[in-house]
Number of protein chains: 2
Amino acid sequence: MTKAAIHRAARQRLDLYLRERGLRRTSEREELLDCVLGIPGHFGPDEVLSALKRAGYRASLATIYRNLPVLCAAGILRRTCLSSGEMRYERALGAEHHDHLICEQCSTVVEFQYEAIEVLQEAVAERYGFELTNHHLELIGRCRACRDAAEDRRVAP
Amino acid sequence: MTKAAIHRAARQRLDLYLRERGLRRTSEREELLDCVLGIPGHFGPDEVLSALKRAGYRASLATIYRNLPVLCAAGILRRTCLSSGEMRYERALGAEHHDHLICEQCSTVVEFQYEAIEVLQEAVAERYGFELTNHHLELIGRCRACRDAAEDRRVAP
DNA sequence: CTTCATGCAAAAGATTTGCAAGTTC
DNA sequence: GAACTTGCAAATCTTTTGCATGAAG
């Protein structure tokens with residue numbers, strides 16, 4: 001999906017969502033949508049505020065707080081909770097599902113997909129009578145670079 | 001592991017941890033430890049406060065906030081972050097590792113273990129050069145009871 | 001008697017909310 | 001015009017901190 005196609009699809013989805021619930025199409029919501037789609041990776045309300053300002057819009061934090069959940073409900077964003085406890089948003093529309101590998105030393109986050117794990121998750125859910133709608137998997141450890149660095153220190157301090 | 005054995009092991013582990021770092025063995029820390037081990041499942045600082053009061057101890061929230069991380073570092077508790085964004089603690093010592101199935105309707109949390117998934121996680125980590133130390137997996141969906149309830153409503157409203 | 005811990009209250013963040021004014025439908 | 005939104009500021013909630021007092025080693 002190209003960037004333009006994502007913007008178009010998101011706009012459409014938001015409009016539909018708003019219409020369905022009798023909510024209103026405001027310029028703030030459209031500006032928010034535009035900015036949010038331009039942020040790569042994870043972000044929080046404050047990053048959104050910066051992005052809006054950078055784009056020349058003035059928006060209030062309150063409006064951001066009120067509307068990020070709307071974008072989630074519309075399926076454009078998704079909330080993810082890092083195991084550090086931070087709550088962040090990320091693009092859901094046009095972004096394949098992925099999970100996270102996190103280096104506990106340098107905080108690098110690598111996104112990955114692994115179909116086989118998802119298949120097993122369905123198996124677990126079935127065993128317990130659950131119907132899955134979502135999941136979060138976070139693998140925490142040390143990346144190659146940090147391991148190498150540790151190794152170097154041991155050999156030549 | 002019996003309940004008494006867990007208490008003993010936890011006490012021992014805490015003492016060791018404190019001694020190693022030149023920290024002190026205080027009655028507050030022991031009371032906290034006792035209460036925390038008695039709480040089933042997940043809990044937050046306020047639940048700990050209630051548990052302490054119920055046990056007839058008076059402790060301050062500040063002390064709880066200061067010492068839950070100590071119990072984590074000592075390997076007695078572990079922090080887990082539900083995808084709702086709530087940060088909670090749970091017993092780590094004497095509790096096998098498990099992951100969570102969460103019903104998004106009734107918030108039921110089912111703990112499960114599934115070795116095959118963990119094996120695949122190692123495979124992913126290896127592919128990306130990571131050495132795993134931990135992971136969090138949360139499967140989110142609807143439990144049987146909530147699905148049945150929904151079904152009933154459709155058939156006989 | 002030195003260092004660390006506690007309790008309290010104040011501070012700091014993060015998120016939510018009440019309300020008047022402005023917009024959308 | 002009725003209902004929904006926004007921005008602001010005040011209110012909440014959760015977590016952290018400064019400081020004086022008390023306890024541990």
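Here is how names work: the chains are called A, B, and so on, in the same order as the sequence lines, proteins then strands, and each is numbered from 1. Only heavy atoms go into these numbers, but all of them, side chains included; no hydrogens, no water, no symmetry mates.
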Worksheet, complete the sentence: Axis-to-axis angle across the helix from C/dC1-D/dG25 to C/dC25-D/dG1, five pairs each end, nearest 10 degrees, ~ 30°
Whole angstroms only, please: what is the [atom1]-[atom2] distance between [X] and [N]?
| X | N | atom1 | atom2 | result |
| --- | --- | --- | --- | --- |
| B/Y65 | D/dT15 | OH | P | 3 Å |
| B/E28 | D/dT21 | CD | P | 18 Å |
| A/I64 | C/dT15 | CD1 | C1' | 13 Å |
| A/E31 | D/dG7 | CD | C1' | 14 Å |
| A/R29 | C/dT23 | CZ | P | 15 Å |
| A/L61 | C/dT17 | CG | P | 15 Å |
| B/D15 | D/dG25 | CG | C1' | 14 Å |
| A/R79 | C/dA14 | CZ | C1' | 13 Å |

Counting the atoms with a prime plus P, OP1 and OP2 as sugar-phosphate, which does [X] contact under 4.0 Å by heavy atoms, base, sugar-phosphate, or nothing?
| X | answer |
| --- | --- |
| B/D46 | nothing |
| A/R58 | sugar-phosphate |
| B/R19 | nothing |

Worksheet item: When the ring planes of A/H42 and A/H98 are compared, do they come out parallel, tilted or perpendicular, using 30° and 60° as the limits?
Response: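 Perpendicular: the ring planes of A/H42 and A/H98 meet at over 60°.
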Worksheet item: Which residue, A/A62 or A/G22, contacts DNA chain D at a nucleotide closer to its 5' end, judged by nearest heavy atom?
Response: A/G22
Discussion item. With nearest nucleotide decided by heavy atoms, which residue, B/R24 or B/P45, maps closer to the 5′ end of DNA chain D?
Written reply: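 Nearest-nucleotide comparison on DNA chain D picks B/P45.
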Does [X] have a side-chain nitrogen or oxygen under 4.0 Å from the phosphate oxygens OP1 or OP2 of [N]?
| X | N | value |
| --- | --- | --- |
| A/N67 | D/dT5 | no |
| A/T63 | D/dT5 | no |
| B/T26 | C/dT6 | yes |

Worksheet entry | With B/D34, the salt bridge (charged side-chain N to carboxylate O under 4.0 Å, His left out) member among B/R11, B/R54, B/R8, B/R29 |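 Result for salt bridge (charged side-chain N to carboxylate O under 4.0 Å, His left out) with B/D34: B/R11.
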Discussion item. Between B/H97 and B/H135 (judged by ring centroids, cut-off 6.0 Å), do the two rings come close enough to count as a pair?
Written reply: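 Centroid distance B/H97-B/H135: below 6.0 Å, so yes.
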Worksheet item: When only distance counts, do a donor and an acceptor, one from the side chain of B/R66 and one from the base of C/dA5, lie under 3.5 Å apart?
Response: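 For B/R66, whose side chain was compared with the base of C/dA5, there is no donor-acceptor pair (under 3.5 Å).
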Item to complete: Heavy atoms only: give me the nearest B/C103-A/F130 pair and the separation to one decimal.
Response: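 Nearest pair, atom of B/C103 first, then A/F130: N-CE2, 3.6 Å.
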Discussion item. For a quick test of reading the model, state the closest non-hydrogen atom pair linking A/L49 to A/A59 and the distance between them.
Written reply: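 Looking at all heavy atoms of both residues, the shortest contact is CD1-O, 3.5 Å.
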Discussion item. Just checking B/E20: does its CD atom have more than 12 heavy atoms from other residues, nucleotides or ligands closer to it than 6.0 angstrom?
Written reply: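 Enclosed: over 12 neighbouring heavy atoms sit under 6.0 Å from CD of B/E20.
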Worksheet entry | Donor-acceptor pair, side chain of B/R13 and main chain of B/L93, under 3.5 angstrom | no
